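Reviewing the structure listed below.
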Amino acid sequence: MQETIKRYLKAKKALFDIYYSDLNENQRKSVYCVNNPLLILAGAGSGKTTVLVRRIAHIVKFGNAYYNDLVPYEVNEMHLTALERSVALPKEELENILSEFAFEQCPPWRILAITFTNKAANEIKERLAKQFPDEETARDIWTGTFHSICMRILRSHHEKIGYRAGFCVYSTDDTKSAMQKCMKELDFDEKIMPVKSVINAISKAKEKLQTPEMYEAEAGNNPKYQSIAKVYKLYQKSLLQSNALDFDDIIMQTVRLFRENKDVLKSYSDKFKYVCVDEYQDTNKAQFYLTEMLASSHRNLMVVGDDDQSIYKFRGATIENILQFDKNFSDATVIKLEQNYRSTKNILCAANEIINNNKERHPKMLWTENDMGSKIHIKQALNQTDEAKYIVNTIQKAVAENKYKYRDFAVLYRTNAQSNSLEATFVKSGVAYRILGGTRFSDRKEIRDVVAYLQLINNHDDKERLLRIINEPSRKIGAKTISVISEIAVEENKSMFEIIENADSYMALKNSSVRLLEFSALINYLTAYLNEHLLNELVEEMLIKSGYRQMLTDAGEEEKDRLLNIEEFVSGIMQYQSENEEPTLTGFLEQNSLVADVDRYDESADAVVMMTIHSSKGLEFPCVFLPGFEESIFPSEQSSHSDSELEEERRLAYVATTRAKKELFIIYAKDRLLFGRILCNKPSRFIEEIPNELKEEVPTENNMPRATTAKTYYSQKTISFSDLTINKQLFTKPQGVVERFSVGDHVSHITFGSGEIITVTTMGQDVLYEVIFDKVGTKKLMGNYAKLTKI
DNA sequence: ATGGGGCTGCTTTTT
DNA sequence: GCAGCCCCAT
């Protein structure tokens, strides 16, 4: 009987291994590991989304099938032989056989997958859909960004945090103008305390879950922080009055909801048997608490991350979250995905070399079985126009030779501002291109105006949007009248819209009451109109009745673009209506405020795509151009003063280079026009960090004398191939047992030098060491990565 | 209440 | 180099 059991279990595992034979060993391990906390450290291009999707599908289809030791009572020789022979079956049939092993399957609606961007969420949704024959299963899985998931939760429980139904989300610009008004009300001088810095400080506070009261307490005697505390307080009050949340509130208020209502938290944490978080290195403290809470009942939390791709520290993301993972979940399994399937050896090696200059990281090594590929093309351009021309020419040539299509190319830059000069050249060239981000579509005045009308119709309390459009087009309602309304509203603790609706009962508004009543009647009429009509019809009616369309038509040729933009916006609404079973104004506005331009990136369109490096995270392209690799641009001027910010820039350079599959072009300009001034910057240090053996200089077209070109810069630091230990290891799969140490051991590290182990924490199959180094102080290192040697 | 003219300061990066 | 802001004149 023992023998039968062994054979049965062996056959089961063999069948699963065949079913998942398109995955590598560690990827399979991640899929099978279902019933405890799981940390996946996944390098760039190592197939982490695949693992995430396949694991969820596995949980739904087979549950904890792989690791259980259950054997059916009736199993006999015939059955066993049949199983053992099934190994040769095609995959579709295999799945039927495997379902026999299913155990503790999880219904799809009890699985939650959280991502950082809508782009990633959509990709997971699409790929999940392909895993199931029916449409419903994939749709029932809760997939979304932190913000969209929280909104979904808040919509059901808004009253518990003091918000009314139909509450709305403020965009960055709405936040800014609301903040400005608060500061004005408190008589704070913008010259001394810029709005931007206040917004930043308050955002940071919210990321740390600090309430205005907590912030005030922490401010102590510091006048600057005391002032910010005052603004924070007033700002929260005005948000509540407008029935609005800002981006950070979405997370913070959800945490608050859970903390103050244990029953609500319990209903969600009981519901979600499995919680998966993508891009865990980008989560901030608030998101960490949120995740922990949601996973608290079942503790089946899987997080996927890569510290080398952490590029959002500036907005509060903390790598501590990955390090803390094992503190909260000491039984966590840790799996590393280090095989890269995306890039050529040359590209991957260059990326490894760049990131290897960072000190604050878990040393790790990506390797690939892909070809060597071309060397990295390094191009010196004369100026930004030359740079753009080089990109256009290279693309045109490759397309003409039928090597690539337009859509195979991406141009990734550090700052959105760089897109202007690129665009100018692309327009003239006739190369199809699309720019994502930058002056966003939704940032355009006319779009913001139309959205403001819709927001006000949806939520009459929304002060910010009301102020935006009350005199747009001109209704002869000026600053004076508005401040009177605002004062009355504060006095009577009513919304401004309520005062406007009753303008005729206030003496102070005598002169403008007719116009005010007309305005409130317009909004009320449109609100009622929505009951009987579709959203796009509402926009048409609004454009006509408000006089907005007339205003634009009167302006003539100049404003023609604006009308076209509005048309595009309306077609966006119609798309929303066709995609959703129950389209609502609230739903549309919410989607509109949480979705960025990058999310609309359509891979099927044959056009070169341009975006910031930040936006490109998670994407891949056969050919990538990286313009503007100059000191003070990349790394940016303001980051060059601090080591930690420089390391973040370097991680960004790492993300940029690892986007490329086949060809990578890095370009720097001798002269660059910026802010109307010509700058002459040295080539970026990141170019220098790529060893000469991996790069190839593109000759300048008119054969300029070489003495002054890039070579001189490179020769400052010569690295020979044999010095590169990492390089050599790159081409072979690393394996073997890593030596373990205990507290008090003296060890040596390749970059940090010698030190002493002070703590040892087991983290799944890995060990986290805290080491006090003689020169650089205390560091936390992962045993399997760190390559420590005993002294 | 509005529109024009001049001045400032800006560019990191995003939900 | 340009967008957005403030101030002043209408």
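Numbered from 1 within each chain, the chains take letters A, B, ... in sequence-line order. Worth saying up front: this structure is predicted, and the values here are computed from it rather than measured.
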Base of B:dT13, side chain of A:Arg414 - is there a donor-acceptor contact under 3.5 Å? yes
Is a donor from one side chain sitting under 3.5 angstrom from an acceptor on the other, for A:Asp249 and A:Tyr170? no
Of all the nucleotides listed (B:dT2, B:dT13, B:dT15), which has the minimum atom distance to the side chain of A:Lys476? B:dT2
Are OP1 or OP2 of B:dT14 and a side-chain N or O of A:Ser615 less than 4.0 angstrom apart? yes
To the side chain of A:Tyr312, which of B:dA1, B:dT14, B:dT15 is closest? B:dT14
Heavy-atom count check: over 12 atoms from other residues, nucleotides or ligands less than 6.0 Å from A:Lys313 NZ? yes
By nearest atom, which of the nucleotides B:dA1, C:dC6, B:dT11 is closest to the A:Thr481 side chain? B:dA1
So, A:Glu688 and A:Arg685, do they make that salt bridge, N to O below 4.0 Å? no
Write down the distance between CD (A:Gln309) and P (B:dT14), rounded to a whole number of angstrom. 16 Å
Face-to-face contact A:Phe116 to B:dT15 six-ring, under 5.5 Å, under 30°: no
For A:Glu645 and A:Arg475, find the nucleotide of DNA chain B closest to each by heavy atoms; which residue's nucleotide sits nearer the 5' end? A:Arg475
Looking only at side-chain N and O atoms, does A:Lys196 come under 4.0 Å of OP1 or OP2 in B:dT11? yes
Testing B:dT14, B:dA1, B:dT11 for proximity to the side chain of A:Ala417, the answer is B:dT11
Residue A:Thr612, side-chain heavy atoms: nucleotide from B:dT13, C:dC6, B:dT15 that is nearest: B:dT13
Does A:Asn416 make a side-chain N or O approach to OP1 or OP2 of B:dT13 shorter than 4.0 Å? yes
Between A:Ile477 and A:Ser639, which is nearer to the 5' end of DNA chain B once each is assigned its nearest nucleotide? A:Ile477
Ring centroid separation for A:Tyr668 and A:Phe629, is it under 6.0 angstrom? no
Side-chain N or O of A:Asn284 versus OP1/OP2 of B:dT15: is the shortest distance under 4.0 Å? no
